[in-house]
Amino acid sequence: MKDRNHLSNIGLSHQVNVISNGLVDIPMLQILQADGVPHKEATLPDMEKELAEKILTTMQYIRILDERMVAAQRQGRISFYLACTGEEASTVGSAAALEPQDMIMSQYREQGTLAFRGYSTEQFMDQMFSNEKDPNKGRQMPIHYGVKELNFMTISSPLGTQIPQASGYAYGQKMAGQPAVTICYFGEGAASEGDFHAGLNMAAVLHCPVIFFCRNNGYAISTPSEEQFAGDGIASRGIGYGIKTIRVDGNDVLAVFAATQKARELALAENCPVLIEAMTYRLAAHSTSDDPTGYRSKDEEERWRAKDPVLRFAAWMQSQGWYNEEQNKAFLEQSRQDVLSELKRVEKVPVCKIDDIITDVYDTPPWHLKEQLAELKAHIAKYPEAYPKTAGRL
Amino acid sequence: MKDRNHLSNIGLSHQVNVISNGLVDIPMLQILQADGVPHKEATLPDMEKELAEKILTTMQYIRILDERMVAAQRQGRISFYLACTGEEASTVGSAAALEPQDMIMSQYREQGTLAFRGYSTEQFMDQMFSNEKDPNKGRQMPIHYGVKELNFMTISSPLGTQIPQASGYAYGQKMAGQPAVTICYFGEGAASEGDFHAGLNMAAVLHCPVIFFCRNNGYAISTPSEEQFAGDGIASRGIGYGIKTIRVDGNDVLAVFAATQKARELALAENCPVLIEAMTYRLAAHSTSDDPTGYRSKDEEERWRAKDPVLRFAAWMQSQGWYNEEQNKAFLEQSRQDVLSELKRVEKVPVCKIDDIITDVYDTPPWHLKEQLAELKAHIAKYPEAYPKTAGRL
Amino acid sequence: MAKMNMLQAVNSALITAMTENEKVMVFGEDVGHFGGVFRATSNLQEKFGKGRCFNTPLTEQGIIGFANGLASQGSVPVAEIQFADYIFPAFDQIVNETAKWRYRSGGQFSCGTLTIRTPYGGGIAGGLYHSQSPEAFFAHVPGLKIVVPRNPYQAKGLLLASIRDDNPVLFMEPKRLYRASVGEVPEHDYTLPLGKAEVVSQGTDITLLAWGAQMEVMEKAAQMAEKDGISCEVLDLRSILPWDRETVAISVQKTGRLLISHEAPQTGGFASEIAASIQEKCFLYLESPITRVCGLDTPYPLAHEKEYMPDHLKIYEAIVRCVNF
Amino acid sequence: MAKMNMLQAVNSALITAMTENEKVMVFGEDVGHFGGVFRATSNLQEKFGKGRCFNTPLTEQGIIGFANGLASQGSVPVAEIQFADYIFPAFDQIVNETAKWRYRSGGQFSCGTLTIRTPYGGGIAGGLYHSQSPEAFFAHVPGLKIVVPRNPYQAKGLLLASIRDDNPVLFMEPKRLYRASVGEVPEHDYTLPLGKAEVVSQGTDITLLAWGAQMEVMEKAAQMAEKDGISCEVLDLRSILPWDRETVAISVQKTGRLLISHEAPQTGGFASEIAASIQEKCFLYLESPITRVCGLDTPYPLAHEKEYMPDHLKIYEAIVRCVNF
Ligand SMILES: Cc1ncc(C[n+]2csc(CCOP(=O)(O)OP(=O)(O)O)c2C)c(N)n1
Ligand SMILES: Cc1ncc(C[n+]2csc(CCOP(=O)(O)OP(=O)(O)O)c2C)c(N)n1
Ligand SMILES: [Mg+2]
Ligand SMILES: [Mg+2]
């Protein structure tokens, strides 16, 4: 039997040695300065014009979608919405560094990754209006997207649960010999959940090719990060687990892109997890149910508005001669119109027939669910006016 | 409203900087060498002869208790036992650095702390025979001790649960203005539970005067620590949480004592948690239900037997001229006899009356429990021979 | 007396308890400065300081673990779980620790001072994870008490009783009524009894039993039935554990019929315990089978929320079926 | 055919499944090289490699979270929770994730391939935390299947069926019988149906219903009753969720009486669901109240284990009371 020595790498000290800052500094990778001019010392990732344009327009599109859907919620047209304003670079920049076969397990503020993979305005609307064309059958609240074809796992509200799940998914990809990784997004608040600990530790021990992407945006609803943890962000924990760790400026697309590219390369080559902590800020309210004036100052928000990731990247593209004012204006206009017209159109699409209330609980409905559905249908038939969404199509 | 900047302490880098060893070395405090001779460079904690004697005899007593009770279990006299052989210094050495008002929340292998606080052989036996004199009323398996007078919280089997509990207990001590801390013992295996993450992070954020004492003994039942975590032990995690951390040779009483003294001083003075990782080895089987030959080599065990903490400390005391061969022999003999005679005597003490099957579920038994007890008593009265432990005293 | 909605009543109870006893501490996600996502803990931090009303990191298992330790130390924690749907990460701490603490220690230690507040229930377009009613999971846990108010008056009186009761109490607040339910609430200190059901209205033909938000629905159905000349006795269970079997049994022995309704899925819901106990106690009095009108045995669906809910129409139909059995 | 105890039968089922399908992976605490604390996974790592049978770190929420992701990816995880008492840290992953995965995604993704194995039950001097029977907690969770074998033959046939079933299955193994129960088990591949109860012996006076380890106790009580000339029909439910109401109803419509027994505390135990459903389905056939003989509503006590258990004597007494009602 193998001899083990769990002390083999441990040295000795002979004085009580309290370690209170045992970490190297974990600097934040920044390639573009706030004004979009690259740092002299920075090495830029090679990025074709096409990709850069796709990234920029995706970020701009999401900004428009967010604006319009927040408005739609205020008008009572959808019940709920959650914007990612200020964090577009973290999500779109990281998605741009992935391959289509990579699985995305997100928290909820990562609509940018979905748009980057080609999710259409109509598809966004189908989910938000919980209609029969939503592949998730309209069962969850708005913004809980999920689409198998795009390798985007259906979002679930409980925080942190996707973290150990991502480790398991990646382990499966490895065992199946697929040239793919899983990326797992979560906030710095969710990183306080026990599932975070389990997921990162298991990924490290079981050699899972997973990228843990933490959006540290300073807040968990009203709770500022200083009331969330006392250490050096989330990055410092990766080091504790023996996980390769990168901290990046989440408002700098090029930095996020470069970091995620590197992370993916490592995860695949070495079958190991990589943790990325993206430092960013939620300029939006937590959700349409939230009002940030209750917990943070306008000045603070302004300071971050000045670091707008979309403007920063646009400025860089301009300096590259890759930015066509006219074209871009047209695109923005077009996008606004699409969103509005799709909103109007999709609003009218019906929800699933009542039969779907019992499908997908199991692979096939057992006797008790069939019984409950039959009773329900008879009841709706008797009181059609009380159940207008479904009575028409029993 | 207060302006916040969660980036204030973070520097910049302009190249992708993957941190794969971002930790300073975390050496292990060792004062006594394996032969009991202090390292030249070491500063010894000041320890009176009396205290040293108490520590030595407590360790020796526990060694004897463990031997005898493992034997008793083999003879079928108790149902279960769990020895701490090899880890006496970690538990007794740390307990010696505490004050009586400090709360101890242990995992299960810390009988040394209880013995140090004066738990008598009779009391140990009362618990292990689940009799009516066990203050816990014999409801849990052997070794699940608990005694309020000694500020020793009743042990519960689920691993890791005591970690966030210890943070809460310490928070309460602080709010009550007591000059007391809580010490929380756990193994390196239990440190994988989500509760570990929650407990340490909350203690750091909420400034709880708690000492987290991890016994890293290399195994969780059959699982070696290399299959438990990939980082630098448990100490590396404390650093991630921003918790002051000390690593110590768990087989060196003086080192454990010095480290725990320092930790207590810091916890009280600064209202902060301190993490201690004691590097040690479980020479015993995990429990009487376990057989280590299935997962580790005899050589490995031998290498650790050579580091026996009791012999090491005895050797040092000898060098101090504090060790009286004769006296100690007598003490050992006496202890063996006590354990055996108490075992015989306590074996005969009855279990609690059946009425206690429903007490302490609530502060007072509600109607349904009274009803269930009444039925049960009538039933036992009808079949006394089937319930010999309780039928005699209905 | 003052007009309060349920949130104000909860807030008033917390202020009363914290003023009376400095050992009372209120914490959870966002409960501090912000006053909670529903604002039930508004102003507590200003009034009583950061030490006694504070945010915790985002970890339910941590919140309850911390609360258990704090309770066992002698403080009086009132922990909030932001939504009942998110109480499950704390399930081990509640089921294996909170509930068993006193028993396993022979009464030496306990979490008796602990109260866990959490908003539950559907009808707010919350879908799978902002709608659940998990009371039945906890009703199978000896050592816990479970309390559910149906209006602001009950909310204050039952919450104060729960905080003072020397047993751990899971206090489930019907969030659909947080602002919708408004009523007269004494500003002064008062409590309502735990473990006692309330007979809301007398009747002779059938007993209708529910709790919390479902009471409203039940009373609406009762009114429909009354128009058909069916006399309904409406009961509010108020405490799920321990529950008041006697009051229910007395009513059923009078009416000969029992209908129970809750939003949670039917299979394994608490109505099953009530039905099982009452059919035993009242076997010879029952004129028709005990009927359950509950949520379907599916996760809670958003698009079909209206169809999923045990609404007044479904209950009315069931009442008629019962009476014509 | 070969004589096997229940552990050997489980091991044989795992070997069969892993040989047949390389996507089957077995993991949990100590299940790797060591073969599990009960040795149910002996030799699997040697046979199939460390990639397919491995130890996990000590975290139940992690084990199930990892298993959920692995299942959704298309692998076939068989995760072990070392004792059912320790499944609660994974409660959120099971209740909010495993069970709702397919529904929330409209059937796009699922954890259908997942099987969770865990030893449950008392009678081994395990006290509070090595004795629990938590089936009722999971019976209130739509989307899960729950299966409990009573002997080695069932253990192999039901476990293979569970692993192959395209729904997440909680497979609860009666640890008291691991070595105690020995019987003939085919070495070849076979399955037994999920969701179907088994009529173990025919009778006319009363239906006795249980599952797993409690079946032995039930049969012993039945023998005592038979001596008094009471003819008992003994049923093994085998699947708790979905459960076979039809077979139970048919039996009760014949015998007119039903007694259900489980070790778990009575209040909110699964017997309550069965009683509630059957009193509704069989109202006009019942000659006496449906009776439950269960654990007391307390944590599981060590010193009073014998008194706590629903043993054959308590059941026998209840049978007599039923028949003489
Ligand atoms: C288990 C669980 N607990 C609580 C909540 C309620 N909740 C939703 S979002 C949120 C804050 C999350 O903050 P963070 O993880 O930092 O993500 P961000 O919103 O900043 O992107 C909370 C507490 C939840 N959804 N799940
Ligand atoms: C929540 C939980 N899961 C599993 C177990 C079973 N178990 C008991 S001890 C043990 C190993 C603990 O190892 P460690 O924490 O290193 O402590 P040590 O035994 O080495 O002192 C396990 C898995 C448990 N008691 N509780
Ligand atoms: Mg955040
Ligand atoms: Mg260990």
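As the structure is a computational prediction, the values presented were derived from the model and not from experiment. Order of the sequence lines fixes the chain letters, A, B, ..., with proteins taken first and strands second; residue numbering starts at 1 for each chain.
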Quick one: pull up [atom1] in [X] and [atom2] in [Y] and give me the separation to the nearest 0.5 Å.
X         : Y         : atom1 : atom2 : answer
Glu193(A) : Thr59(C)  : CD    : OG1   : 5.0 Å
Tyr316(C) : His379(A) : OH    : NE2   : 11.5 Å
Tyr308(C) : Arg139(A) : OH    : CZ    : 12.5 Å
Gln140(A) : Tyr300(C) : CD    : OH    : 14.0 Å
Ser156(A) : Leu128(C) : OG    : CG    : 9.0 Å
Gln372(A) : Thr267(C) : CD    : OG1   : 6.0 Å

What part of [X] gets within 4.5 angstrom of chain C, counting heavy atoms only: side chain, backbone, both, or neither?
X         : result
Ala190(A) : backbone
Asp291(A) : backbone
Thr161(A) : neither
Leu159(A) : side chain
Asp290(A) : side chain
Lys377(A) : neither
Ile221(A) : both
Ile354(A) : both

* Asked: Under 3.5 Å, side chain of His33(C) to main-chain N/O of Gly294(A), donor-acceptor pair present?
  ->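 Looks like yes, one N/O pair under 3.5 Å.
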* Is a side-chain N or O of Gln228(A) found less than 3.5 angstrom from the main chain of Leu58(C), in a donor-acceptor match? ->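 Indeed, once roles are kept as given, a pair shorter than 3.5 Å links the two residues.
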* Asked: So which of Gly32(C), Pro89(C), Gly126(C), Gly35(C) has the biggest tally of heavy-atom pairs under 4.5 Å with chain A?
  ->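 If we count pairs closer than 4.5 Å to chain A, Gly126(C) comes out on top.
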* Asked: In terms of heavy-atom pairs under 4.5 Å with chain A, which of Glu307(C), His130(C), Lys306(C), Gln266(C) leads?
  ->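 Answer, by heavy-atom pair count under 4.5 Å with chain A: Glu307(C).
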* Near Arg74(A) CZ, under 6.0 Å, is it more than 12 heavy atoms from other residues, nucleotides or ligands? ->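 No, not enclosed.
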* To do: Would you tell me whether Tyr387(A) and Asp311(C) have side-chain atoms, one donor and one acceptor, within less than 3.5 Å of each other?
  =>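 Per modelled atom types, Tyr387(A) and Asp311(C) side chains form a pair under 3.5 Å.
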Among [options], which residue has the highest count of heavy-atom pairs closer than 4.5 Å to chain C?
options                                    : result
Val351(A), Asn131(A), Ile357(A), Ile380(A) : Ile357(A)
Asp356(A), Asp195(A), Thr223(A), Ile358(A) : Thr223(A)
Ser130(A), Ser222(A), Ala220(A)            : Ser222(A)
Pro142(A), Ser79(A), Ala386(A), Pro366(A)  : Ala386(A)

* Does the pair Lys389(A)/Glu305(C) count as a salt bridge with the N-to-O cut at 4.0 Å? ->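 Salt bridge absent between Lys389(A) and Glu305(C).
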* **Residues Glu317(C), Lys382(A): salt bridge by 4.0 Å N-O rule** =>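 Judged by the 4.0 Å cut-off on N to carboxylate O distance, Glu317(C) and Lys382(A) do form a salt bridge.
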So do the side chains of [X] and [Y] get within less than 4.5 Å of each other, counting heavy atoms only?
X         : Y         : value
Tyr129(C) : Pro158(A) : yes
Glu227(A) : Thr56(C)  : no
Phe83(C)  : Ser157(A) : no

* To do: Go through the steps for Leu369(A) and Asp297(C) under the test side chain to side chain contact (heavy atoms under 4.5 Å, CB included), then give the verdict.
  => CA-CA 7 Å; Leu369(A) 285 174; Asp297(C) 284 316; 3.9 Å; yes
